[in-house]
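A short worksheet on the structure shown next.
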Amino acid sequence: MKKGAAIMDFLSSIDPKVAALVVGGSFTAIFVTKTALQQWGKSAYEAIKDSPRTQCDIDSFVGEVANPPGAFKVAAAHRFRLGWRKARTEVIPIECTKSPHFEGLHVARNVTKDGEKATPLTELLPKGGESKPTVVVATIRMGFGHHRLAYSACSWALAKGYTTIFHDMLNIQSEEADLIKSVDELYSKFSRLASEMGGPVEKMWGSAMKAGDADALRIAAQTAAHLQPLLLAYPKDIPIITTHQLVALTAAAIGFTNVVNLVVDNYPQWFLVVPRTLNLCQGPVNYQSFLRMGVPADELAHAGHWIGHDMVSNIPADCKRRADRAKLGYGSSTSSQAARRLLIPVGGAGAQRKFIIGLIAKLETLIKNGRVQLLLNAGDHAHMKTAFIDVLDECKLDYDTITTTQGVYDFQKKLLASATTEPAKAVTLFAFDEYFPAVATTDILGRVADVLTCKPSELAFYPVPKLHIRRVGDHEADSARRSAELGDGSLEARELEDAMANIDLFLKSPDWLVHMNESIIQNNTIGVYDGCKKAVEFAVKKE
C-alpha cells in the first residue's frame, strides 16, 4: 500500500505539460522508428530480390494483392540467415558413384581425386537418339523423412528401368551445403527441446511449424537463390524429382523446366509449394486447399502417398500375413496368441526420447508376459541408443542388437517366412553408425511389424497399421487424421495413457488390426499409395 501511494504521489507531482511532452515524444519516436524500419524493409527486400535475380517469382506466384510481402520481416530474416553474403553462380562439377546400399542407384558428389571409382555426369545423361531420360531425385538430408521419400522415388524410377541419380545437396561439399547444415542444426535442436520440455516450449514450436505463410516461402526462395551452384551441373530440361521444397526452389531459381515437387504433410502451407514446378500432393485435402489458396491448376496434382516400390508391391501378401497373425489364438483359432510386434523408430531430429522411453517402461510387464514384442530403431542417434539400453537394463528386458543393413534384411527374411515365425528375443534394438541404414531400416522392418508406432510424420502415410504417438510440431496432427480416416492408423495418442489404451485394444481383440490391414488392401486398389510411382510417370512424361 505504501509503495502504491508513493507512486501515485510521484505521478501527481509531474507537470502536465512535461507529461504531455514525454508521451508525445515517445509516440513520435515510435512512429519515426516504425516508418524508418518499414522503408528499410522495402528497399532491402527489393535489393535482395535482385541479388541475384532468379526465374523464381514468388510475389507473382502467391499474389501480391492476396499475400502482400511483409518486406521488413522477409528482409530481416534474410539478413539474419545470410548477412550480406554474395551469391555464387559458378558450376560445381559433379560425378557419380554407385550406391553401396541401393543396387543400380548412382549417387552424386563433387568431382574428387580420392581414388574411388566414379562416373562422370555426362556419361549418365542420354545420348543422341536414346529414348529413356535420366531421372534425378534431389533432396536434403534434413531429418529422415526427406531422404526416405527420395529413396522411395528412386526405387520406382529404377523399377521402371530409368538411369537414376540420387542427389543430396549436403553431399556436394561447398559453402552452399554449409548454409543448409546451419539451418538443419537449428531445426533439429529446437525439435528435441520442444519434445523434451513440453508445455509452453512445445506449444511455441508447434505453432511455428504451422506458420509457413507466403512470407516464409519468400524467405526460403531467397535462401534457395544462394544454393544454385549445387544443381547447375545438370541440363535444365532433365527430369528432376525433389523431396524438399528448398531443392525445388533452387531448381526453379535456375530455370529447370521439368521439376516435380513432392509436397510433404497433410497441412497446406505456402511454404511447401513452388512456382515453375509440378507440385504433387499426397491427399485430396491438400490438393483442394492449395487450389483455393491460388496455386495454378497446371502446377498442382493429387498423386498419392510417397511409398517405395518394394513396400507397395507386397501390400496384399504383407497385409494378409499380418491379419492372419492378428487372429491367432482368437475365436476358432487353436493356435497360441501371437505377441503384438511394435516397430518404434526415432525421427531424424532425434526428438521424442522422453515419450518413447516412458512407453517402453509401461510395456515392461506385457513384454515379459509375451504379449508384446519391440523392434526399436535408434537410427544413427547415439543418445537414443544409450537411452534405449538404459531403460531396457532398468526394466531387466533381454534384447538382441543389430547394427548392419544386411543384418536387418536377414531379420526381415526370417519373419517373412510365416505368420508364426518369431524373433529370437522379445526386444530387438537396431542401431547404426551410418545414415543410410538408419533411414532404410524402418522401411525394411515395416513389412514384418504388426504396428508401426510413430509420430505422425511422413510415416503416417505408410501402408502399415499405425499407432500414432505424440507429435513434434502441430502440422503433423493433420497427417494422423488422414491416416485415421483411411482406416490404416489411429488418431494421435498425445499421452502415454492414450497409447496404452490403444495397445490394450490391439491385445483384447484382433478386430482393429484386421480392419487396418483390410483398409490398406482396399486403399491400394485405388492407388492411395502410388504417389512415387506417379511422380516418376509425371517426370518422364513431361520430358
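None of these values were measured; they are calculated from a predicted model. Residue numbers count from 1 along this sequence.
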### Message
Tell me if the centroids of the rings in His309 and Tyr151 come within less than 6.0 Å of each other.
### Response
no
### Task
Answer yes or no: is there a donor N or O on one side and an acceptor on the other, between the side chain of Asp530 and the main chain of Lys533, under 3.5 Å?
no
### Task
Using a cut-off of 6.0 Å, state whether more than 12 heavy atoms not belonging to Arg292 lie near its atom CZ.
no
### Message
What I want to check is whether the side chains of Asn261 and Asn279 have a donor and an acceptor closer together than 3.5 Å.
### Response
yes
### Summary
Between Glu90 and Pro229, the two heavy atoms sitting closest are O-CB, 3.2 Å
### Message
For Phe256, does the six-membered ring have the charged nitrogen or CZ of Lys236 within the cation-pi criterion, i.e. under 6.0 angstrom from the centroid and within 45° of the normal?
### Response
no
### Query
Could you go step by step and tell me if Cys532 and Ile307 meet the side-chain contact (heavy atoms from CB on, under 4.5 Å) rule?
CA-CA 6 Å; Cys532 284; Ile307 312 298; over 6 Å; no
### Message
Tell me if the centroids of the rings in Tyr435 and Phe144 come within less than 6.0 Å of each other.
### Response
yes
### Partners meeting side chain to side chain contact (heavy atoms under 4.5 Å, CB included) with Ala303 (sequence neighbours left out)
Leu280, Trp306, Lys534
### Message
Between Asp488 and Tyr462, do the side chains contain a donor N or O and an acceptor N or O under 3.5 Å apart?
### Response
no
### Message
Do Thr134 and Thr163 pair up side chain to side chain, a donor and an acceptor below 3.5 Å, judged on atom types alone?
### Response
no
### Query
Got a donor-acceptor contact below 3.5 angstrom from the Thr441 side chain to the Val439 backbone?
no
### Task
Would you check, one step at a time, whether the test ring-ring contact (aromatic ring centres under 6.0 Å, His included) holds for Trp270 with Phe61?
CA-CA 10 Å; Trp270 275 115; Phe61 182 62; 5.6 Å; yes
### Closest approach of Leu300 to Cys281 (non-hydrogen atoms, all atoms of both residues)
CD1-SG, 3.7 Å
### Message
Could you check whether Asp213 pairs with Lys73 (Lys NZ or Arg NE/NH1/NH2 to Asp/Glu carboxylate O, under 4.0 Å)?
### Response
yes
### Query
Can you list the steps and then say if Arg482 with His305 is a side chain to side chain donor-acceptor pair (under 3.5 Å)?
CA-CA 11 Å; Arg482 164 76 176 163; His305 297 187; 3.3 Å; yes
### Evaluation steps, side-chain contact (heavy atoms from CB on, under 4.5 Å), between Ile172 and Ile92
CA-CA 8 Å; Ile172 312 301; Ile92 298 177; 3.7 Å; yes
### Task
Could you go through the side-chain contact (heavy atoms from CB on, under 4.5 Å) check for Thr242 and Val260 one step at a time?
CA-CA 6 Å; Thr242 67; Val260 175; over 6 Å; no
### Query
With distance as the sole test, does Ser289 use its side chain to make a donor-acceptor pair with the main-chain N or O of Pro268 at under 3.5 Å?
no
### Message
Taking CG in Asp433 as the centre, count heavy atoms belonging to other residues, nucleotides or ligands within less than 6.0 Å. Is the count above 12?
### Response
no
### Query
Going by atom types only, do Thr442 and Asn377 share a side-chain donor-acceptor pair under 3.5 Å?
yes
#### Entry: Separation of Asn286 CG from Asp478 CG (nearest 0.5 Å)
8.5 Å
### Task
For residues Ser51 and Lys86, determine if any side-chain heavy atom of one lies less than 4.5 Å from a side-chain heavy atom of the other.
no
#### Entry: Smallest separation among heavy atoms of Tyr45 and Pro69, with atom names
CE2-CB, 3.8 Å
### Ser60 side-chain N/O to Asp57 backbone N/O, donor-acceptor pair under 3.5 Å
no
### Task
Identify the two heavy atoms, one from Val274 and one from Ala252, that lie closest to each other, and give their separation to 0.1 Å.
CG1-CB, 3.9 Å
### Message
Salt bridge or not between Glu476 and Arg470? Use side-chain N to carboxylate O under 4.0 Å.
### Response
no
### Task
Using a strict 4.0 Å threshold on nitrogen-to-oxygen distance, state whether Arg481 and Glu492 make a salt bridge.
no
### Task
State whether the side chain of Thr223 and the backbone N or O of Ala221 hold a donor-acceptor pair below 3.5 Å, judged by distance alone.
no
#### Entry: Side chain Asn258, main chain Ile240, donor-acceptor under 3.5 Å
no
### Task
Look up atom CG in Leu124 and atom OG1 in Thr164, then write down how far apart they are to the nearest 0.5 Å.
10.0 Å
### Task
Would you please test Arg85 and Glu175 for salt bridge (charged side-chain N to carboxylate O under 4.0 Å, His left out) and show each step?
CA-CA 11 Å; Arg85 181 185 188 275; Glu175 295 177 20; 3.2 Å; yes
### Evaluation steps, ring-ring contact (aromatic ring centres under 6.0 Å, His included), between His147 and Phe436
CA-CA 9 Å; His147 250 211; Phe436 177 84; 8.6 Å; no
### Task
With sequence neighbours excluded, tell me which residues meet ring-ring contact (aromatic ring centres under 6.0 Å, His included) with His146.
His244
### Query
Do side-chain atoms of Asn524 reach the backbone of Ile520 as a donor and acceptor pair under 3.5 angstrom?
no
### Task
Compute the centroid of each ring, for His475 and then for Tyr267, and state whether the two points are separated by less than 6.0 Å.
no
### Task
Quick one: do Arg88 and Glu176 satisfy salt bridge (charged side-chain N to carboxylate O under 4.0 Å, His left out)? Show the steps, please.
CA-CA 9 Å; Arg88 298 196 306 159; Glu176 289 74 19; 2.8 Å; yes
### Query
If you take all heavy atoms of Leu491 and Ala484, which pair is closest and at what distance?
CD2-CB, 3.7 Å
### Query
Taking C-beta and beyond as the side chain, do Met142 and Ile180 meet within less than 4.5 Å on heavy atoms?
yes
#### Entry: Heavy-atom side-chain contact between Leu249 and Cys56 under 4.5 Å
yes
### Message
Measuring only between side-chain heavy atoms, which start at C-beta, is His167 closer than 4.5 Å to Tyr234?
### Response
yes
### Message
Checking the side chain of Asp380 only, and the main-chain atoms of Phe432 only, is there a donor and an acceptor separated by less than 3.5 Å?
### Response
no
### Query
Is any NZ, NE, NH1 or NH2 atom of the basic residue among Asp59 and Lys49 found under 4.0 Å from an Asp or Glu carboxylate oxygen of the other?
yes
### Task
Say whether, by atom type as modelled, one donor and one acceptor occur between the side chain of Asn171 and the main chain of Ala108 under 3.5 angstrom.
yes
### Query
Between atom CD1 of Ile444 and atom OG1 of Thr405, what is the distance when rounded to the nearest 0.5 Å?
6.5 Å
### Task
Might you work through the side-chain contact (heavy atoms from CB on, under 4.5 Å) test for Glu458 and Asp265, ending with a clear yes or no?
CA-CA 7 Å; Glu458 287 309 302; Asp265 301 327; 3.3 Å; yes
### Query
At their closest point, which heavy atom of Ala225 faces which heavy atom of Ala87, and how far apart are they?
O-CB, 4.2 Å
### Residues, nucleotides or ligands: over 12 heavy atoms within 6.0 Å of Gln55 CD
yes
### Summary
Rounded to the nearest 0.5 Å, the CG atom of Leu217 sits from the CD1 atom of Ile58 at a distance of 4.0 Å
### Among Thr97, Asp168, Ile165, the one residue meeting side chain to side chain contact (heavy atoms under 4.5 Å, CB included) with Val107
Thr97
### Message
Please report the interatomic distance CE(Met311) to OG(Ser155), rounded to the nearest 0.5 Å.
### Response
10.5 Å
### Message
Taking the six-membered ring for Trp, are His226 and His78 closer than 6.0 Å centroid to centroid?
### Response
yes
### Message
Are the side chains of Leu459 and Val464 in contact, using a 4.5 Å heavy-atom criterion?
### Response
no
